[in-house]
Novice: 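The following block contains the structure, expressed as structure tokens.
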2 protein chains.
Amino acid sequence: MAKVTRDDVARLAGTSTAVVSYVINNGPRPVAPATRERVQAAIKELGYRPDRVAQAMASRRTELIGLIVPDARQPFFGEMAHAVEQAAAERGKMVLVGNSDYVAEREVHYLRAFLGMRVSGLILVSHALNDNAAAEIDAWDARVVLLHERPEAIDDVAVVTDDIGGAQLAVRHLLEHGHPYVACLGGVAETPLVGDPVSDHVEGWRRAMQEARIPTEGRLFEAPYNRYDAYQVALELLAGPHRPPAIFCSTDDQAIGVLRAARELRIEVPEELAVAGFDDVKEAALTDPPLTTVATDRTAMARAAVDLVLDDGLRVAGSRRERVKLFPSRLVVRRSCGCR
Amino acid sequence: MAKVTRDDVARLAGTSTAVVSYVINNGPRPVAPATRERVQAAIKELGYRPDRVAQAMASRRTELIGLIVPDARQPFFGEMAHAVEQAAAERGKMVLVGNSDYVAEREVHYLRAFLGMRVSGLILVSHALNDNAAAEIDAWDARVVLLHERPEAIDDVAVVTDDIGGAQLAVRHLLEHGHPYVACLGGVAETPLVGDPVSDHVEGWRRAMQEARIPTEGRLFEAPYNRYDAYQVALELLAGPHRPPAIFCSTDDQAIGVLRAARELRIEVPEELAVAGFDDVKEAALTDPPLTTVATDRTAMARAAVDLVLDDGLRVAGSRRERVKLFPSRLVVRRSCGCR
DNA sequence: GCATGGAGCGGAACCGGTTCCGTACCAGCA
DNA sequence: TGCTGGTACGGAACCGGTTCCGCTCCATGC
């Protein structure tokens with residue numbers, strides 16, 4: 001099909017290209033109803049579709065939001081990305097997703113690429129944020145919202161959950177079952193970041209243990225945030241001489257790996273080992289036993305992030321206004337912790 | 001930071017904007033080494049970054065590939081999307097991902113949106129493809145490659161696996177263990193499509209059963225392609241009066257749901273129930289017991305799809321050249337089928 | 001010595017829209 | 001009737017690049 005431009009439409013409707021533009025965008029200038037109808041008829045007849053690239057070029061705007069996540073294959077990030085996509089669609093925007101794979105330079109790569117495409121805003125759910133990225137963002141004068149994470153380097157606008165508090169809830173709950181202590185499976189921090197939610201989970205664990213006057217030394221273990229690596233680490237830990245009575249994992253995905261390792265070793269959960277996670281991914285309800293975890297409202301958070309980035313997303317490295325939107329987290333009790 | 005255009009660069013380097021362009025794109029016109037260096041110095045000094053939108057506008061090309069999947073949260077699609085992203089990155093392209101959520105109109109929506117953004121090609125891994133979508137693609141004269149699926153409406157360029165043959169392998173393998181028959185958990189087809197790989201899995205099951213002269217009537221069950229729905233269906237099926245001795249699932253995700261249901265019902269796998277899936281998602285190695293399945297080379301398929309779409313992706317609804325790239329599938333034997 | 005040709009570059013058209021500016025036209029009012 | 005003001009619209013500049021066209025300059029060949 002031959003390319004149809006707005007010129008063709010204007011010609012057929014007997015008007016100017018400007019008017020066609022106003023009809024398509026509903027203003028801002030008044031258009032006589034009769035003209036409007038002629039234009040619309042012409043558009044339909046020719047099967048005209050405006051060229052988004054040209055629109056973006058001329059208007060210096062796009063309908064795009066960039067989203068950067070570490071790895072969308074992990075359930076938490078996948079679900080978060082999906083929620084952002086939904087929220088964006090509700091506002092007529094499309095989402096570009098980039099997976100950083102936890103590599104800082106890939107993150108900067110996507111940052112650059114997205115900004116070059118003139119996305120109208122950026123949402124970062126990222127582990128690898130560093131000064132390099134901050135500089136990039138600053139140079140482009142971009143609207144950015146941090147979702148779920150809040151590294152130090154960049155901390156103006158963020159949508160986060162109460163990670164420390166949520167973790168405390170979970171650990172306290174485990175302690176109430178009378179376990180002498182609760183071990184913690186934290187993440188492996190390539191770049192230790194203040195504001196990393198997962199390390200905040202570790203912090204929550206630490207606080208809950210301290211409240212109960214239980215020492216934490218030697219009870220913190222580490223694994224990458226996914227089930228596969230957590231499985232390997234758990235196999236060693238649980239088969240070793242100091243198997244903990246209970247373990248709090250900083251992500252559900254890790255907890256799933258731990259459950260799998262326990263089964264492998266014929267350790268009964270929750271009778272011989274209590275397990276809790278964090279995130280309440282969909283799968284947590286279908287593990288065996290179902291996983292006790294801490295839920296966050298991903299849908300609401302995604303919506304908030306989209307709203308913020310579109311309405312008043314800030315330049316990240318500019319004024320330190322500290323606009324942080326905090327969402328509560330709540331404990332979801334299932335069988336893996338020994339209740340019922 | 002003030003916007004820097006190539007004009008500024010040209011001025012600083014004492015040359016024309018055209019030359020700047022040739023330097024950035026490495027040709028096609030020769031540029032004297034000295035000039036090239038002056039331009040590069042100017043670019044660096046000014047921190048100039050070309051505007052992708054303007055580039056796309058002027059060159060009528062983009063570095064974008066559109067990818068439409070049903071739901072990237074499902075492991076298979078998530079892994080496929082990741083593979084495509086990798087393959088595209090190797091060729092310097094970026095991927096726009098759209099989730100159709102199995103809804104045909106959302107698919108057309110993304111199709112339209114992506115084409116409006118002048119993606120240089122489209123890769124469809126989609127269930128909902130229909131004539132509507134085909135018309136849209138045709139209207140835009142787009143380059144399209146179908147990955148993993150091959151609906152009738154659109155069948156020129158496709159990258160697929162040997163779904164029927166792979167399923168036969170798995171079912172034959174199950175039969176060799178002496179089970180009187182193998183049940184099949186197929187998909188729920190909103191729109192029955194010839195070329196739907198998952199229904200091809202069912203077809204493979206049917207053929208393998210026929211080879212062995214075993215009737216298939218009443219032995220085909222249906223569930224949506226994810227573990228959650230499959231779990232529900234399996235609970236009923238396995239608790240009912242006609243529990244099959246073995247079951248072949250059309251996707252691994254479904255098989256995971258079946259395994260979970262079996263555990264819930266205290267049915268031992270593989271002793272009391274043999275299970276096999278299809279796809280060999282990463283998680284299949286970590287189920288309990290590990291899942292026997294049929295593997296396809298997603299990395300190679302994704303790469304092939306990217307190559308096809310960039311090099312000689314065809315207009316889908318044009319000539320019926322039937323360019324189909326078939327990849328073999330192979331059986332991966334793990335414990336869930338009773339071996340070892 | 002002069003035609004030939006290719007390398008290197010500047011100028012300008014162009015991609016397909018948006019948006020500013022100016023004007024024609026008509027109604028309302030003095 | 002003449003002036004004012006607002007409505008509807010046409011013309012054209014502009015967004016920031018790419019790419020075509022043609023010019024200059026210099027080396028080469030006869």
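Treat the numbers as computed from the prediction; the structure is a model and nothing was measured. Naming: A, B, ... by sequence-line order, numbering from 1 per chain.
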Novice: Please check if the number of heavy atoms outside Arg52(A) that lie under 6.0 Å from its CZ is greater than 12.
Specialist: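 Atom CZ in Arg52(A) is not crowded, with 12 or fewer foreign heavy atoms closer than 6.0 Å.
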
Novice: Calculate the interatomic distance between Tyr48(A) atom OH and dG17(C) atom C1'; express it in whole Å.
Specialist: 7 Å

Novice: What one-letter contact string describes nucleotides 7-13 of chain D from 5' to 3', where B marks a base within less than 4.0 Å of any protein heavy atom, S marks contact via sugar-phosphate atoms alone, and - marks no contact?
Specialist: -SBBBB-

Novice: Suppose we screen for side-chain contact (heavy atoms from CB on, under 4.5 Å). Which residues come up paired with Ala58(A), at least two apart in sequence or across chains?
Specialist: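 By the side-chain contact (heavy atoms from CB on, under 4.5 Å) rule, Ala58(A) matches no residue at all.
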
Novice: Using rotation axes that map the C1' atoms of four end pairs onto the next four (five pairs an end), what angle separates the end axes of the helix from dG1(C)-dC30(D) to dA30(C)-dT1(D), to 10°?
Specialist: 50°

Novice: Below 3.5 Å between N/O atoms, which protein atoms pair up with nucleotides 23-27 of chain C? Just atom names and distances, please.
Specialist:
none

Novice: Does dT18(D) have its OP1 or OP2 closer than 4.0 Å to a side-chain nitrogen or oxygen of Arg52(B)?
Specialist: no

Novice: Between Glu85(A) and Met94(A) (side chain of the first, backbone of the second, donor and acceptor by atom type, cut-off under 3.5 Å), is there such a pair?
Specialist: no

Novice: Check whether Thr62(B) reaches the backbone of Arg118(B) with its side chain - one donor and one acceptor, N or O, closer than 3.5 Å.
Specialist: yes

Novice: Tell me: CZ of Arg49(B) to P of dG17(D), nearest whole Å?
Specialist: 12 Å

Novice: Going by salt bridge (Lys or Arg N to Asp or Glu O under 4.0 Å), name the pairs with one or both residues in residues 57-72 of chain B, residues two or more places apart or in two chains.
Specialist: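 Residue pairs passing salt bridge (Lys or Arg N to Asp or Glu O under 4.0 Å), neighbours aside: Glu63(B)-Lys93(B), Asp71(B)-Arg73(B).
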
Novice: Only one of Leu146(B), Val69(B), Leu67(B) clears side chain to side chain contact (heavy atoms under 4.5 Å, CB included) with Leu124(B); which?
Specialist: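 The passing option is Leu146(B).
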
Novice: Using whole Å, what does the distance between atom P of nucleotide dG16(C) and atom CG of Leu46(A) come to?
Specialist: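 Result: 15 Å.
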
Novice: Between atom CG in Asp7(B) and atom P in dT18(D), what is the gap in whole Å?
Specialist: 12 Å

Novice: Between Tyr225(A) and Tyr102(A), what is the ring plane arrangement, given parallel below 30°, perpendicular above 60°, and tilted in between?
Specialist: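 It falls in the tilted class, 30° to 60°.
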
Novice: Taking only residues two or more places apart in sequence, or in another chain, which ones meet Ser16(B) in a side-chain contact (heavy atoms from CB on, under 4.5 Å)?
Specialist: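 In terms of side-chain contact (heavy atoms from CB on, under 4.5 Å), with neighbours along the sequence ignored, Ser16(B) is linked to Ala18(B), Val19(B).
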
Novice: Using atom CG of Leu115(A) as one end and atom P of dG16(D) as the other, report the distance to the nearest whole Å.
Specialist: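 Nearest whole value for this atom pair: 16 Å.
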
Novice: Could you work out which one of dT18(C), dG16(C), dG17(D) sits closest to the side chain of Asn25(A)?
Specialist: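 Per side-chain heavy atoms of Asn25(A), the pick is dT18(C).
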
Novice: Parallel, tilted or perpendicular for His148(A) and Phe77(A), by the 30°/60° rule?
Specialist: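 The rings of His148(A) and Phe77(A) stand perpendicular, inter-plane angle above 60°.
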
Novice: Is a side-chain N or O of Asp101(A) found less than 3.5 angstrom from the main chain of Val103(A), in a donor-acceptor match?
Specialist: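 A pair under 3.5 Å: no.
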
Novice: Is the backbone N or O of Leu64(A) less than 3.5 Å from a side-chain atom of Ser120(A), with the two atoms forming a donor-acceptor pair by type?
Specialist: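 A pair under 3.5 Å: yes.
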
Novice: Would you please test Asp307(B) and Arg91(B) for salt bridge (charged side-chain N to carboxylate O under 4.0 Å, His left out) and show each step?
Specialist: CA-CA 9 Å; Asp307(B) 287 345; Arg91(B) 301 202 43 176; 2.9 Å; yes

Novice: Expressed as a whole number of angstroms, how long is the span from Arg60(B):CZ to dT18(D):P?
Specialist: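 For the pair Arg60(B) CZ and dT18(D) P, the rounded distance is 12 Å.
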
Novice: Does Arg61(A) make a side-chain N or O approach to OP1 or OP2 of dG17(C) shorter than 4.0 Å?
Specialist: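 For dG17(C), neither OP1 nor OP2 has a side-chain N or O of Arg61(A) closer than 4.0 Å.
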
Novice: Calculate the interatomic distance between Glu63(A) atom CD and dT18(C) atom C1'; express it in whole Å.
Specialist: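 Interatomic distance, CD of Glu63(A) to C1' of dT18(C): 14 Å.
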
Novice: On the nucleotide dT18(C), are OP1 or OP2 found under 4.0 Å from the side-chain N or O atoms that Gln55(A) carries?
Specialist: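 Indeed, a polar side-chain atom of Gln55(A) lies that close.
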
Novice: dT18(C) P sits how many Å from Met57(A) CE, rounded?
Specialist: 13 Å

